[in-house]
There are 2 protein chains.
Amino acid sequence: MQRSVSPLRLKAVCSNCNLRELCLPVDLSVGEMQQMDDICHLKRGYARGDYLYRSGDKFLSLHAIRSGSFKTQVLHEDGREQVTGFQMAGEIIGLDAICTDHHTCDAVALESSEVCELPFDKLEMLSRKLPSLQRHLHKIMSREIVRDQGIMLLLGSMRAEERLAAFLFNLSQRFAARGYSSTQFQLRMSRQEIGSYLGLKLETVSRTFSQFQGSGLISVKARSVELLDLPGLHAMFSS
Amino acid sequence: MQRSVSPLRLKAVCSNCNLRELCLPVDLSVGEMQQMDDICHLKRGYARGDYLYRSGDKFLSLHAIRSGSFKTQVLHEDGREQVTGFQMAGEIIGLDAICTDHHTCDAVALESSEVCELPFDKLEMLSRKLPSLQRHLHKIMSREIVRDQGIMLLLGSMRAEERLAAFLFNLSQRFAARGYSSTQFQLRMSRQEIGSYLGLKLETVSRTFSQFQGSGLISVKARSVELLDLPGLHAMFSS
DNA sequence: CATAAATCTTGACGTATATCAAATTAGTTG
DNA sequence: CAACTAATTTGATATACGTCAAGATTTATG
C-alpha cells in the first residue's frame with residue numbers, strides 16, 4: 001500500500017536537515033510541486049538487511065532515501081562482492097539501472113530506513129515539462145559519475161591509510177550536511193563492508209583504524225567513531 | 001570555424017561502423033534529425049597529445065568522438081594522476097562536467113581524432129521535445145555509471161593479471177563493435193597509461209603482458225597486440 | 001638516415017597488504 | 001540474563017606488486 005507524500009513535506013524534511021540541494025524537487029513553484037507530489041510515493045520501511053532491489057530486477061523507479069542508509073553491491077559470478085557505495089538520507093539510488101532497464105546491483109538497508117519511490121517514466125515526463133527538474137536530474141546523474149571517478153582515484157592510486165582517511169572524511173562531511181555531528185558518529189557498516197568498498201581486507205581496515213587511534217587521529221570502539229583531528233585526517237589523503 | 005554536420009551523415013557514419021546504439025541521435029524521424037543537425041557541429045581535428053578540454057574549464061558542450069580516441073584523467077593535487085577512461089569513436093565524453101558546470105578531468109587525444117560538439121543547453125532543450133532523445137541521453141549517462149562501477153570492481157577486487165585480461169577483452173569487444181578485428185589491434189596508450197587506468201605500475205603491466213605471451217594467451221610486441229586465446233582471456237577474470 | 005629521446009622489458013630486492021589463525025568483544029535470541 | 005553467534009582485534013607469516021636500476025627497443029627529430 002503506497003501512500004502519497006506531500007512534496008512540501010518532502011521539501012520541509014529536506015530543509016530541516018539542510019538537504020535542499022540533495023533532494024528532489026528543487027526550485028519548483030507550488031503548482032510544479034503538486035505535479036511532483038502526484039508521482040512521488042512513500043514506500044514501506046526497510047529493516048536492516050532488507051533488499052530495496054536486487055541485481056537483475058526490472059527497473060521501474062528511482063528511490064530517494066528519506067531516512068536511514070543503504071549499501072549498493074555488485075556480485076561477481078565467482079562469488080566476489082564489491083560494495084559500490086553507501087547511501088544516506090537525501091540521496092538518489094538506482095541510476096545505474098536506466099541503461100538496461102534492469103538493476104545492475106543490489107541495494108541493501110544498513111539500518112531501519114524509509115524511501116520515496118520515483119517512477120522513472122513519470123519523472124522523465126515531468127522533466128520534459130519542467131526544465132529546472134530536468135537540469136537537476138542531469139546534475140544528479142553527473143554527480144554520481146564524478147563520485148565514482150573519485151573512488152577510482154582512491155582505489156587506483158591510494159594506500160590503505162589514505163583510503164580509510166578519505167572514507168572517514170567523506171562520511172564526516174555527509175553527516176555534517178545532514179545536521180549531525182561531523183566528528184562523532186556510528187558506522188552503519190561492518191569492517192568487511194568498508195573493506196570491500198575500499199578494496200581492502202577487513203583485517204587491514206581494522207589495523208588501520210587501530211593505527212589512526214594510536215596516532216591520535218581518531219578514537220574508535222567497534223562502530224563508534226570520533227574524529228579527533230579532522231585537518232590531520234584530511235592531510236592524510238590530500239598531501 | 002565550425003561547420004554543420006549532416007545528422008544523416010552522422011548516422012550513416014555510425015551505421016557503417018555498427019555504432020548505431022552508441023551515437024546520438026537514434027530512432028529519430030527526418031524532421032527530428034534536422035533538429036539534431038542544427039545543434040551538432042564538427043570541431044577541428046585533434047593531434048596526439050592535444051587537449052579537448054582541461055579540468056576546471058567551463059562546461060558548455062558534450063563531445064561525440066567521430067574518429068580516433070582519447071583518454072580522460074584526473075590530476076591529484078600532489079601530482080598523482082589517474083586515467084579514468086579510454087574513449088573511442090562513437091562514445092560521448094564530458095558527462096562528468098554537468099554537475100558543476102566545469103570539467104572535472106582532462107581529455108587528451110591519443111591519436112589524430114575528430115569530435116562533434118553537442119552544446120548541452122541545446123541538447124537539453126531538444127530532449128525536452130523528443131522523448132526518445134531524452135531517454136537516450138539518460139541511458140548514456142547511466143551506462144557511464146555502470147562502466148565506472150565495473151572499474152571499481154576491477155580495481156577493488158582483481159589481481160594484476162585479471163585486470164589486464166579484462167582490459168584487453170574489453171578493448172577487443174569495442175574494436176569488434178566498430179568493425180575492426182577483435183584479435184589484432186594497436187594499443188593507442190602507453191604501458192604507463194594502462195597502468196594508471198588499472199591501478200598498476202607500468203613495470204607490472206609490462207611483466208603481465210610478457211606472462212600472457214609466455215602462456216600463449218596473446219602475442220605482444222610493443223603496442224601491437226594479437227589475442228590468441230579469447231576464451232582463455234575471458235576465463236582469466238570471470239572464473 | 002642518424003641521433004636523441006621516449007618507451008618498454010627484465011632483473012633483484014623491498015614493502016604493503018593478504019592470508020591464516022586465535023583470542024576478544026559486541027550483538028542477538030531464547 | 002545466559003548462551004550463542006557474529007564481528008572485531010591482533011599476531012605471525014606469505015605473497016603480489018612496487019621500487020630501483022640497467023639495457024633494449026621503438027619512436028621522434030633535425
Side-chain angles (χ1 to χ4, degrees), chain A residues 47-50 71 78-83 108 110-112 154-168 186-215 218-225 236-237, chain B residues 47-50 71 79-83 108-112 154-168 186-215 218-225 236-237:
Chain A
R48 173 172 168 73
D50 285 353
K71 67 168 174 179
D78 57 8
R80 264 186 293 216
E81 80 171 44
Q82 169 84 23
V83 172
V108 187
L110 293 175
E111 60 187 314
S112 296
L154 180 144
L155 292 172
S157 68
M158 289 189 185
R159 292 173 314 117
E161 37 195 270
E162 299 173 307
R163 294 184 200 187
L164 191 63
F167 171 72
L168 289 172
Q186 292 285 123
L187 297 172
R188 265 74 182 201
M189 65 295 285
S190 69
R191 300 288 187 267
Q192 144 92 343
E193 288 165 334
I194 296 171
S196 172
Y197 181 63
L198 298 178
L200 303 169
K201 294 293 163 185
L202 71 297
E203 295 94 329
T204 304
V205 173
S206 179
R207 271 185 245 273
T208 309
F209 268 126
S210 301
Q211 177 197 320
F212 282 1
Q213 179 159 251
S215 58
I218 69 171
S219 167
V220 60
K221 182 92 190 284
R223 297 198 179 182
S224 304
V225 177
M236 194 109 219
F237 61 91
Chain B
R48 174 173 168 71
D50 285 353
K71 68 169 174 178
R80 265 186 292 218
E81 79 170 46
Q82 169 83 24
V83 172
V108 186
L110 293 173
E111 61 188 313
S112 297
L154 180 145
L155 292 173
S157 68
M158 289 190 186
R159 291 174 314 117
E161 37 195 90
E162 299 173 308
R163 296 184 198 186
L164 191 63
F167 171 72
L168 289 172
Q186 292 284 123
L187 298 172
R188 264 74 182 201
M189 65 295 284
S190 69
R191 300 288 187 269
Q192 143 91 347
E193 288 165 335
I194 296 172
S196 171
Y197 181 62
L198 298 178
L200 303 168
K201 293 294 160 182
L202 72 297
E203 294 96 328
T204 304
V205 173
S206 179
R207 271 184 248 272
T208 310
F209 268 127
S210 300
Q211 175 197 319
F212 283 0
Q213 180 158 252
S215 58
I218 69 171
S219 166
V220 60
K221 182 93 190 284
R223 297 197 178 182
S224 304
V225 177
M236 195 110 220
F237 61 91

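For the numbers below, each heavy atom of this structure counts, side chains included, while hydrogens, waters and symmetry mates do not. Below, read A as the first sequence line, B as the second, and so on, with proteins coming before strands; counting in each chain starts at 1.
Residue-level contact check: G195(B) touches neither bases nor backbone, having no heavy atom under 4.0 Å from any strand.
Across the protein-nucleic acid pair, E162(B) atom CD and dC17(D) atom C1' stand 14 Å apart, rounded to whole Å. We find that CG of L198(A) is positioned 12 Å from P of dT17(C), with the value rounded to whole Å. For the pair L200(B) CG and dT19(D) C1', the interatomic distance rounds to 14 Å; values are reported in whole Å. Rounded to whole Å, atom P of dT7(C) lies 12 Å from atom CG of L110(B). Distance Q211(A) CD to dG11(D) P: 13 Å, rounded to the nearest Å. Straight-line distance from the CD atom of E161(A) to the P atom of dA16(C): 9 Å, rounded to whole Å. dT7(C) atom P lies 16 Å from atom CZ of F209(B), rounded to whole Å. In this structure, M158(A) places its CE atom 20 Å from P of dC17(D), rounding to the nearest Å.
Between M158(B) and R80(A) there is a side-chain heavy-atom pair separated by less than 4.5 Å. Taking the side chain as every heavy atom from C-beta outward, L164(B) and L198(B) approach each other to under 4.5 Å. Residues L168(B) and F209(B) form a side-chain contact, since some pair of their non-hydrogen atoms from C-beta on lies under 4.5 Å apart. Side-chain contact between R223(B) and S190(B): present, with at least one pair of heavy atoms (C-beta onward) separated by less than 4.5 Å. Inter-residue side-chain proximity for F212(B) and V220(B) is flagged as unmet; no heavy-atom pair is nearer than 4.5 Å.
By the 4.0 Å N-to-carboxylate-O rule, E111(B) lies too far from R48(B) to be salt-bridged with it.
Proximity note for A160(B) (side chain, C-beta onward) versus dC17(D), dT9(D), dT17(C): the nearest is dC17(D).
A side chain to side chain contact (heavy atoms under 4.5 Å, CB included) with R163(B) holds for exactly one of I194(B), L200(B), V205(B); it is L200(B).
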Any protein N or O atoms within reach of nucleotides 5-8 of chain D? Criterion: under 3.5 Å, listing atom names and distances.
| unit_1 | atom_1 | unit_2 | atom_2 | d |
| --- | --- | --- | --- | --- |
| dT8(D) | OP1 | R223(A) | NE | 3.1 |
| dT8(D) | OP2 | R191(A) | N | 3.0 |

Between the protein and nucleotides 20-24 of chain D, list the N/O to N/O atom pairs that are separated by less than 3.5 angstrom.
| unit_1 | atom_1 | unit_2 | atom_2 | d |
| --- | --- | --- | --- | --- |
| dC20(D) | N4 | E203(B) | OE2 | 3.3 |

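Side-chain N/O atoms of Q186(A) and S224(A) include a donor and acceptor closer than 3.5 Å. T208(A) and E161(A) form no side-chain donor-acceptor contact under 3.5 Å, judged by distance and modelled atom types alone.
Proximity of K201(A) to the phosphate of dC20(C): no side-chain N or O atom is located under 4.0 Å from OP1 or OP2.
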